[in-house]
Every structure is written in structure tokens, then in C-alpha cells.
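Structure first, then comments.
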2 protein chains.
Amino acid sequence: MDEVFKALADASRRSLLDRLHARNGQTLNELCEGLAMTRQAVTKHLAILEQANLVSTFKHGREKLHYLNPVPIHQIGERWIRKFERAKLVALSELKRQLEKRDE
Amino acid sequence: MDEVFKALADASRRSLLDRLHARNGQTLNELCEGLAMTRQAVTKHLAILEQANLVSTFKHGREKLHYLNPVPIHQIGERWIRKFERAKLVALSELKRQLEKRDE
DNA sequence: AAAATAGGCAACCAAATGGTTGCATGTCAA
DNA sequence: TTGACATGCAACCATTTGGTTGCCTATTTT
């Protein structure tokens with residue numbers, strides 16, 4: 001879980017995930033296109049995403065294909081964010097109560 | 001948005017949010033209790049959470065009260081995670097299709 | 001077989017991060 | 001008013017991070 005949060009902390013890595021979300025199964029070179037970064041920097045980012053299980057790779061000849069794995073992202077949503085959604089609802093209903101009280 | 005992801009990247013900070021979720025409005029000293037960290041380290045973490053708008057503070061005499069703001073967390077869920085949930089569904093239905101195909 | 005293409009490895013670097021210690025300030029209680 | 005308590009500020013430190021360059025290997029293509 002911690003690795004996933006760490007991996008998502010970087011904007012470049014999130015944009016790599018976005019790219020894979022737009023088109024899955026891209027090669028390293030394809031993922032490098034248009035980025036203001038060397039290929040090696042991208043390689044490192046992809047390694048971190050792979051480590052966090054957010055991306056899986058297949059070798060096909062001399063190319064390495066990258067696939068998005070949305071499961072950990074989903075888990076963050078389920079196991080972590082959901083918990084705080086409830087707090088938000090409590091805060092909202094509290095606010096509502098206060099506002100209604102004001103009109104009394 | 002980037003600040004929120006960065007703030008959530010650290011396990012100590014996430015556990016501070018957990019503590020506030022369990023009991024809102026704690027003082028700095030209360031939040032320090034039981035942690036293997038100096039008060040100053042906690043102060044820094046709280047500053048980062050505040051900067052990311054995940055925590056708001058009120059001064060009450062010599063005490064500083066900390067309140068959880070769940071809105072940015074909710075936004076991460078809405079604006080970011082939701083997008084990838086769809087990809088997961090696509091992946092699942094693809095898998096289902098493959099499995100069904102196998103039985104033909 | 002030679003050249004071009006796709007990617008991997010390792011050393012290096014500057015800046016950011018997470019933590020510390022020491023001291024200062026503001027506020028409450030005796 | 002004096003001491004205790006809650007917090008703030010600043011300098012410092014080691015490690016991690018995000019990036020680079022240079023070179024090597026493997027697979028195609030011509």
C-alpha cells in the first residue's frame with residue numbers, strides 16, 4: 001500500500017499511468033515520446049510503477065510492452081478513501097445542522 | 001492536486017490523518033503521543049498536511065487544534081481514481097470474454 | 001554481416017525529504 | 001510574578017529522489 005502511495009506521489013509517474021490508460025500496451029520508446037526527460041529517467045519511473053504493481057510488462061522481441069494494472073488504484077479507493085468519505089458526510093450533516101439552527 | 005498526492009505519500013502523515021479521523025480537533029501534543037518522532041517532526045508533517053488543505057487548524061489559547069478536511073481526499077477519489085475504475089471494468093469484462101471463449 | 005533500433009546497467013549529481021537539536025516565544029496556573 | 005507548559009523558529013544532517021551521461025547488450029532490418 002505504501003509503495004502505491006509513493007509511486008503515485010510523482011506527477012510524471014501519474015502522467016505515465018494516464019498515457020497507459022489512454023492506450024494500453026505501449027513500448028518504452030512510445031511512452032518517452034514528447035516527454036522532457038531522458039529514456040533512462042522514464043525507465044526508472046516505470047520500474048517504480050512496476051514495483052508498486054501498478055504496471056506489468058511483457059517482453060516481445062526487443063520491445064518491452066507496458067500494461068496498466070488498475071487494481072491497486074481501486075484498492076486505494078476502497079480501503080483508504082472510502083473511510084474518509086464517511087467523515088466528510090458527518091462534517092456536511094454537521095454543517096447542515098448548524099445552518100438550520102441559525103434559522104430558528 | 002499534486003500537493004495532496006505528495007502529502008499522502010508518507011506513512012507518518014497518513015497515520016496522522018487516521019488519528020484525526022478517529023478523534024477530530026486534537027492538539028499538537030496529543031498528536032505526538034506514542035509516536036517515535038520528536039514534536040518538531042510532527043509539526044513539519046502537519047504543516048505539509050495543512051499546505052495540502054488536508055488539515056485546518058485553530059488557535060485556542062496556547063493550544064493549536066487540528067481538524068481533518070476530507071474534501072481533497074474525496075476529490076482524489078472522484079477526479080482521479082474513478083477514471084481508472086472504468087479501465088478495471090474493461091479489463092475484467094475482457095477477461096470474462098476470454099474465459100467464456102475458452103469453453104466454446 | 002553490418003547498421004540501426006530498443007532497451008539495460010552503473011556511476012554520478014543536485015535538490016528535496018524526514019529527521020534531529022537548541023533556543024525563543026506566548027500563555028496559563030500557583 | 002514566576003515557573004510550567006504548548007508551540008514556533010532555525011540551523012543542521014543523512015538519506016532518498018529524480019534526473020543525467022556514457023557505455024553495453026540484444027534484436028531487427030537491410
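Below, each value reflects all heavy atoms present in this structure, side chains not excepted, and no hydrogens, waters or symmetry copies. For clarity, every value in this text was computed on a predicted model and none was experimentally measured. Letters A, B, ... mirror the listed sequences (proteins, then strands); counts begin at 1.
Atom CD of B:E63 is separated from atom C1' of C:dT25 by 16 Å (rounded to the nearest Å). At whole-Å resolution of the value, CZ in B:F5 and P in C:dT17 are 16 Å apart. One interatomic measurement links the two molecules: CD of A:E30 to P of C:dT5, which rounds to 15 Å at whole-angstrom precision. One can place CZ of B:R39 at 11 Å from C1' of C:dT21, the figure rounded to the nearest angstrom. Distance CG (B:D2) to P (C:dT17): 10 Å, rounded to an integer number of Å.
Checking the phosphate oxygens (OP1, OP2) of C:dG7, a side-chain nitrogen or oxygen of A:N29 falls inside 4.0 Å. Regarding contacts with the backbone of C:dG18, a side-chain N or O of B:R13 is found under 4.0 angstrom from either OP1 or OP2.
Each of A:M37 and B:K59 has a nearest nucleotide on DNA chain D; the 5'-most of these lies closest to B:K59. The residue among A:L65 and A:K6 whose nearest nucleotide of DNA chain C lies closer to the 5′ end is A:L65. Of the two residues contacting DNA chain C, namely A:H66 and A:K44, the nearest-nucleotide position lying further toward the 5' end is that of A:H66. Of the two residues contacting DNA chain D, namely A:H60 and A:S12, the nearest-nucleotide position lying further toward the 5' end is that of A:S12.
No donor-acceptor pair closer than 3.5 Å links the side chain of A:R13 to the backbone N or O of A:L8.
No more than 12 heavy atoms of other residues, nucleotides or ligands sit less than 6.0 Å from atom CD of B:Q51.
Chain A approaches DNA chain D over the interval D:dG18 to D:dT28, counting the first and last nucleotide 5' to 3' with an atom under 4.0 Å from its heavy atoms.
Checked by distance alone, B:Q40 brings a side-chain donor or acceptor within 3.5 Å of a matching partner on the base of C:dG22.
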